[in-house]
Every structure is written in structure tokens, then in C-alpha cells.
Amino acid sequence: MEKRTWPYGSDGRQVPRAFSSTLIAGGNGRKCKRSEKEMIDVKWSNRCGDDRGDVFSSIPTDLLRRIAGSFNVPTLWAASGVCRAWKEALSSLREAMVFVQWGKRFKHGLRGVSKNREKALHCFLKGAARGSTAAMVDAGLLIWEMGKKAEAVELYRAAAELGDPAGQCNLGLSFLQVEPPNNKEAVKWFYRAAFTGHVRAQYSLALCLQQGRGVECNRVKAGCGVLFFLWIGDPASMFIQAKWYLKAAEGGSTRAMYNTALCYLSGEGITRNYQEARKWMKRAALAGHTKAQFEHGLKLFAEGDGGHALVFLELATRAGEAAATHIRDVLLQQLSPRLKAHAIACADNWQIRQASR
């Protein structure tokens with residue numbers, strides 16, 4: 001009897017093909033073939049067209065809308081294609097995304113649309129009414145700027161409770177700015193947003209820990225999942241503070257880069273490391289942090305690298321850092337005309353690149 005074997009796969013192993021014709025038993029015991037096309041059609045109809053027994057369609061509509069309220073456009077469209085029930089349930093959120101896009105056009109004057117803050121707010125509120133957390137946050141920003149802080153806080157809270165990181169971060173910031181400030185609530189919402197990777201929340205959380213705001217006896221979780229009760233000046237607080245500064249710096253926060261450099265210089269909450277301090281100070285300077293430009297330029301000047309020092313000190317002087325002016329003037333007198341011209345040209349090119357972003 002001939003031995004039956006599977007066809008060879010791309011890696012050389014004998015495996016069944018994913019969509020090869022399949023033998024299935026008929027009612028009379030005979031075996032019949034189901035073609036590849038028939039199998040795909042059945043799989044697709046079970047996914048999108050036929051909701052019988054579909055576990056996805058059994059999710060309550062209101063729960064699905066709450067979960068999807070913070071989705072971005074690609075994720076929302078992907079979720080809408082899961083099954084017919086989801087497509088119908090998420091129709092209001094797809095409408096909300098259109099309102100958000102038009103709101104941004106009116107707010108920033110994009111794609112040939114004239115700036116109109118009233119129309120922008122109208123669009124954002126329409127999107128918020130349909131459950132979009134992005135619309136809630138954008139509406140809250142405009143309403144906050146109008147001085148209606150209580151209304152803005154409610155919009156931020158609605159977005160935050162639906163899991164939107166920007167809403168959680170803005171709610172935390174609003175708790176710091178209202179009278180009287182509620183530092184503990186601010187730290188709570190910063191923490192929730194920070195753990196989702198929201199860079200501004202990570203920086204704000206670290207700053208609160210450094211300043212002792214809302215952490216006099218506050219229960220905070222470190223990245224490893226360990227719980228701490230923090231007090232001002234507690235080593236555990238400084239460790240978590242440095243950790244969040246580093247995460248925010250890696251995420252692109254210019255201020256966090258500078259503060260991370262200071263942590264490495266002083267050994268506050270982290271092992272002192274001058275090479276890491278220099279790296280983060282340079283990154284902050286290149287990202288446009290004025291004090292970092294001055295301090296990195298000062299370091300280069302002390303090392304005798306006058307050409308590169310002049311670039312950073314010139315940038316710091318242009319940004320209004322008065323302490324950089326004197327050393328820059330000294331370098332302008334010491335360096336050759338060629339080196340000075342090159343350094344000034346580098347500073348000019350950096351500003352042009354920054355302006356074009």
C-alpha cells in the first residue's frame with residue numbers, strides 16, 4: 001500500500017497546506033471534496049455575514065461603544081469590519097470621527113478651510129455627543145481656553161473614564177491648575193495615562209514626584225508592579241521619579257531629556273553616570289531646550305571645543321539665555337573668522353530645520 005505524505009512546505013517540512021482541498025464525510029458515508037474557494041467563502045460568511053453563534057456579536061452594544069470610544073481611525077475601521085453587529089454598533093463613532101476631522105480643519109485652517117473656532121467647537125461637541133473621546137478632549141481644550149474650566153474638566157473626565165490617555169493627562173493637569181489644586185487626583189490620572197505610554201503624563205508624573213505634589217502619603221506603583229507608599233524625599237519616590245523621567249525622555253519629551261541628564265549628574269534616584277548625563281543633555285540641546293543648550297555649550301567650552309561650543313551658546317543666546325551671552329562673546333573674539341562663520345551657519349540651519357517641523 002502506498003504511503004500517503006503531505007506536500008512539502010517552504011521550510012522543507014511536510015505539512016498540510018492552509019487552504020488545500022479538504023475531504024469531509026457526507027451523510028451516506030461517502031467522501032466529497034470542498035474546494036478552496038468554498039472554504040474561504042464559508043469562513044468569510046461566518047465572519048461578516050452570518051452572526052449566528054458569533055461570539056463577537058454577543059457583546060452588548062453599549063459596552064462595545066465604550067470600549068471603542070478611544071479608538072483611532074484605523075482601529076475603528078478595523079473593528080467595524082469584524083462582523084455586521086459591530087459595523088452597526090460603531091456607526092455613531094464613525095460619524096464622530098468625521099466631525100473630529102472637520103473640527104481640526106476649522107481649528108487649524110487646514111485643507112483650504114478658514115480658521116473658525118466656533119465651528120471647530122461645534123464639530124468637536126457633535127463628535128463628543130457620539131462617544132468619541134478624541135472629540136471630548138479637543139472640545140475640552142477649546143472650552144478651557146474660553147475660561148469655562150468646569151465644563152472642560154467634565155469633558156476631560158468623560159474621556160478619561162473611557163480610557164483615553166490624553167483625556168487622563170489633561171484631567172490631571174486641570175486638577176493642578178484649579179483652585180484649590182487637587183494634587184492626589186492629578187497624580188492618580190497621570191499614573192493611569194503614563195502606563196499607557198503617554199509621554200506628557202510620564203513627565204508630569206515624574207515632576208509631581210520630584211516636587212512632592214500629591215505624594216505625601218500616596219500609594220504609587222512602580223514599573224515592575226511593586227507598590228510603594230511615598231513621602232517627600234523618600235528614596236523610593238526618587239527612584240520612580242527618575243524612571244518616569246527616563247521613559248518620557250525616550251518618548252521624545254525635551255524637558256524630560258534635560259531632567260534625566262540632571263538625574264544622572266546628581267545620582268538622584270538613579271546610579272550616577274556622566275556619560276549618560278552628557279548623552280541626554282546633548283539630546284535635549286539638539287531638541288531645543290534652552291538651558292540644555294547653554295550647559296552643553298559650557299561643557300564643550302571647558303573641554304576646549306570652541307567651534308561646537310559656539311553653536312550651542314549662540315542658540316541659547318538667541319533663545320534668551322542671558323548667561324550664555326558672555327561666553328559666546330569670548331568665543332567670538334578667540335575663534336578664527338572661518339570657524340566663527342561655520343558655527344553661526346550651523347546655528348542658522350538648525351533654526352530653519354526647527355521652524356519647518
With distance as the sole test, does Ser132 use its side chain to make a donor-acceptor pair with the main-chain N or O of Ala128 at under 3.5 Å?
-> no

Taking atom NE2 of His122 and atom CG of Asn116, what is their separation to the nearest 0.5 Å?
-> 11.0 Å

Heavy-atom distance under 4.5 Å between the side chains of Leu176 and Cys208, does that happen here?
-> yes

With a 4.5 Å heavy-atom cut-off, do Leu315 and Phe294 have their side chains touching?
-> no

Stepwise side chain to side chain contact (heavy atoms under 4.5 Å, CB included) check, Arg65 with Ser92 | CA-CA 9 Å; Arg65 287 174 181 166; Ser92 60; 4.0 Å; yes

Arg130 side-chain N/O to Lys126 backbone N/O, donor-acceptor pair under 3.5 Å | yes

Return yes if some donor-acceptor pair links the side-chain N/O of Ser204 with the main-chain N/O of Arg200 below 3.5 Å, else return no.
-> yes

Find out if a path of hydrophobic residues (ILVMFWY) with successive side-chain heavy-atom gaps under 4.5 Å connects Leu300 to Ile344.
-> no

Single hit among Gln293, Gln351, Arg328 for side chain to side chain contact (heavy atoms under 4.5 Å, CB included) with Arg318 | Gln351

Is a donor on one side and an acceptor on the other found under 3.5 Å between the side chain of Arg272 and the backbone of Leu265?
-> yes

hydrophobic_cluster_shared for Met146 and Leu125, side chain cutoff 4.5 Å | yes

Would you call Asp138 and Val100 a side-chain contact if the rule is heavy atoms closer than 4.5 Å?
-> yes

Begin with the C-alpha distance, continue with both residues' side-chain angles, and end with the deciding distance and a verdict on side chain to side chain donor-acceptor pair (under 3.5 Å) for His308 and Asp305.
-> CA-CA 6 Å; His308 287 98; Asp305 190 355; 3.0 Å; yes

Is Arg353 salt-bridged to Asp348, cutoff N-O under 4.0 Å?
-> no

Report yes if the side chains of Val73 and Gln101 come closer than 4.5 Å at any heavy-atom pair, otherwise no.
-> yes

State, without any angle test, whether Ser80 and Arg94 hold a side-chain donor-acceptor pair at a distance under 3.5 Å.
-> yes

List the steps and the verdict of side chain to side chain contact (heavy atoms under 4.5 Å, CB included) for Val113 and Trp102.
-> CA-CA 9 Å; Val113 176; Trp102 275 101; 4.0 Å; yes

Kindly determine whether Asn273 and Tyr264 satisfy side chain to side chain donor-acceptor pair (under 3.5 Å), including the steps that lead there.
-> CA-CA 5 Å; Asn273 188 321; Tyr264 275 117; over 6 Å; no

One should read off an interatomic distance between Phe71 CZ and Leu162 CG, to the nearest 0.5 angstrom, of 11.5 Å

Lys148/Glu154 ion pair, N-O < 4.0 Å = no

Which word best sums up how the rings of Trp244 and Tyr191 line up, parallel for under 30°, tilted for 30 to 60°, or perpendicular for over 60°?
-> perpendicular

Could you verify whether a donor N or O on one side chain and an acceptor N or O on the other, from Tyr245 and Gln210, lie under 3.5 Å apart?
-> yes

Separation between CG of Leu246 and OG of Ser253, rounded to the nearest 0.5 Å | 11.5 Å

Would you say the side chains of Asp164 and Ser70 form a donor-acceptor pair under 3.5 Å?
-> no

Would you indicate whether the side-chain heavy atoms of Phe312 and Leu298 approach each other to under 4.5 Å?
-> no

Under 4.0 Å between a Lys/Arg side-chain N and an Asp/Glu carboxylate O for Glu295 and Lys299?
-> no

Go through Glu250 and Trp280 one step at a time and tell me if the side chain to side chain contact (heavy atoms under 4.5 Å, CB included) criterion holds.
-> CA-CA 10 Å; Glu250 291 171 343; Trp280 285 111; 4.0 Å; yes

Crowding at NE2, His108 (>12 non-hydrogen neighbours, <6.0 Å) = yes

Side-chain touch Lys340/Leu332, heavy atoms, less than 4.5 angstrom = yes

Full working for side chain to side chain contact (heavy atoms under 4.5 Å, CB included) between Phe190 and Leu207 = CA-CA 11 Å; Phe190 286 148; Leu207 192 62; over 6 Å; no

